[in-house]
Amino acid sequence: MENQMCEVVLLETSDLHGVVLPRSYADQSAIGQGLARIASIVREMRQINPQTLLIDNGDCLQGTPLTYYHAKVNDTAANPVVACMNALSYDAAVLGNHEFNYGMPYLRGAVEASSFPWLSANTMDAETGAPLFGKPYIVREMPNGLRIGVLGLTTSYIPNWEHPQHIKGIQFGDAVEAARQWVNRLRREERADVVIVSYHGGFERDPITGDATEPLTDENVGYTLCEQVSGIDVLLTGHQHRAIADCKINGVCVVQPANEGRFLAKVTLQLAKGESGWTVTGSRSELISAANYGPDEVIVRIVEEVEALTQDWLDQPTGFVEGDMMITSHADARLREHPLIEFINRVQMDVSGADISNTSLFDNHSKGFSQHITMRDIISNYVYPNTLKVLRISGRDIRAALEKSAEYFKLGAEGEIVVNHSFLTPKPQHYNYDMWEGIDYTLDISLPFGRRVTKLERNGRLIAEDESFDVVMNNYRAGGGGNYTMFQHKPVVKNIATDMIELLADYIRNRSRIEATANGNWRVVNGSESQGMPLDRERPRE
């Protein structure tokens, strides 16, 4: 009997982070990404091949003023992201780490409003051990009898970042162990001919060379999944915001579609049916750029009402700046204290009562504050829904944290300060370089890692290693995020559950006017400054 043949297409979005419309919230300029553009690709792919599955790999509910407005200001309208995903008939979504940012009531409401299941085999109710929303996987049977299993997994590193009250009663199990258990069940009990693992996590090794690219934690275990779990045909990944396609690891077809709807990931499977059933005879992955497609009108209409309310809210004035708080060079703002950074640290110290603070310039898109500050300015500069914690740490911990931040820099071929490649790939990690207020310090980038803090004082006195200090920082850093392990398991003196965006807005509103100042309590040098090296040679390159 002649073998029966078929072709199946898998489509993946990941790390959409609430980007729906192809417009920047900072200045309303057009952007070549977003779910509205992705929707046009999805509709085209389905016309070409009706045997198509659409999966979201996580981190879709948080990340833009649109999602913040709906979660924190006015949730009377339907969840805009979920409504769009319903309209696109997603087959399933996977829980990402940012799905928990707005708390469980908000997440539960989003899940209940979804016409598709949310999957995560290793995110479990701590009491029962059952998957959080009851669905570790789905099985789709095609008209020709082909059975496709899709298993969801989530990075287990979430407790290191998330606010404890947001994940109370939830257990994040080992993704590899969960994959072994559930892939086996899909193959044996569910009789799945094809097994797709959609993992909100990335790769700890280079997919091509196998070289280690990540610290040895459980945050990203994609490479291990491909090597150690048998029975996986395709691994859909995310979390790292990387663009990965046309790649296989140990025979497993892998893909990752970057972030914010820049690409739609497409996996094409060729299958043949013989006497023993369906088998995969070929697979390939590719990325389709959203920039080449116009926005889907249905998606645009779904969000237009809540989008209009969001835009009105963003343009509400909150206060004024005396002086210059604009960022003209993100590089310079990380080499010399910028008024915006000092301002954020001062707000953190004011609301917490702590005398020492650290914060980051999260990305290279922040423009700082112009003379008239609106909510749009605040959200454009502080892009994460962080809360604050005050930790009691030692002088030794402060020094270790500064040494970790100093790894952000290295010296270039001509002795200039540049950004360390490890903070740029596999994704930019500008948010993992901290700048401090309340202490005086110098980082000398000409010195080896671990020996770059050449000055560390408070009030003109050397900080002793065994001294204790109360330091305010965001919840991500307080949990050790960014491999700041020196902060893990330290006493929490105060927990401030209000989002930093709200704290910043309230601080500005209450004072009406804020002053742009920078006291220059820290410096980054390259060891040649004392010999008259021009400052413009110290600008970090990327």
Per ring pair (Phe, Tyr, Trp, His ring centres under 6.0 Å), Y408 is matched among F423, Y431, F449 by F423
Is it the case that more than 12 heavy atoms not belonging to R180 sit under 6.0 Å from its CZ atom? yes
Verify the neighbour count for atom CD of Q28: are there more than 12 heavy atoms of other residues, nucleotides or ligands below 6.0 Å? yes
Provide the closest heavy-atom pair for V221 versus Y199 in the form atom of the first, atom of the second, distance. N-OH, 3.0 Å
Please name the pair of heavy atoms, one in N386 and one in N475, separated by the smallest distance, quoted to 0.1 Å. CA-OD1, 3.4 Å
In terms of the angle between their ring planes, are Y102 and Y106 parallel, tilted or perpendicular, with boundaries placed at 30° and 60°? perpendicular
Is there a donor in the side chain of [X] and an acceptor in the side chain of [Y], or the other way round, less than 3.5 Å apart?
X    : Y    : answer
T224 : E204 : yes
S446 : N526 : no
S405 : Y484 : yes
H200 : D59  : yes

Applying side-chain hydrogen bond (donor to acceptor under 3.5 Å, both in side chains), run through N57 and S198 and close with a yes or a no. CA-CA 6 Å; N57 192 57; S198 186; 2.6 Å; yes
So, applying salt bridge (charged side-chain N to carboxylate O under 4.0 Å, His left out) with E467, which one of R399, R396, R461 is it? R461
Would you say that Y441 contacts I463 through its side chain, given a criterion of any heavy-atom pair below 4.5 Å between the two side chains? no
Taking the side chain as C-beta and beyond, is there a heavy-atom pair between W436 and V471 under 4.5 Å? yes
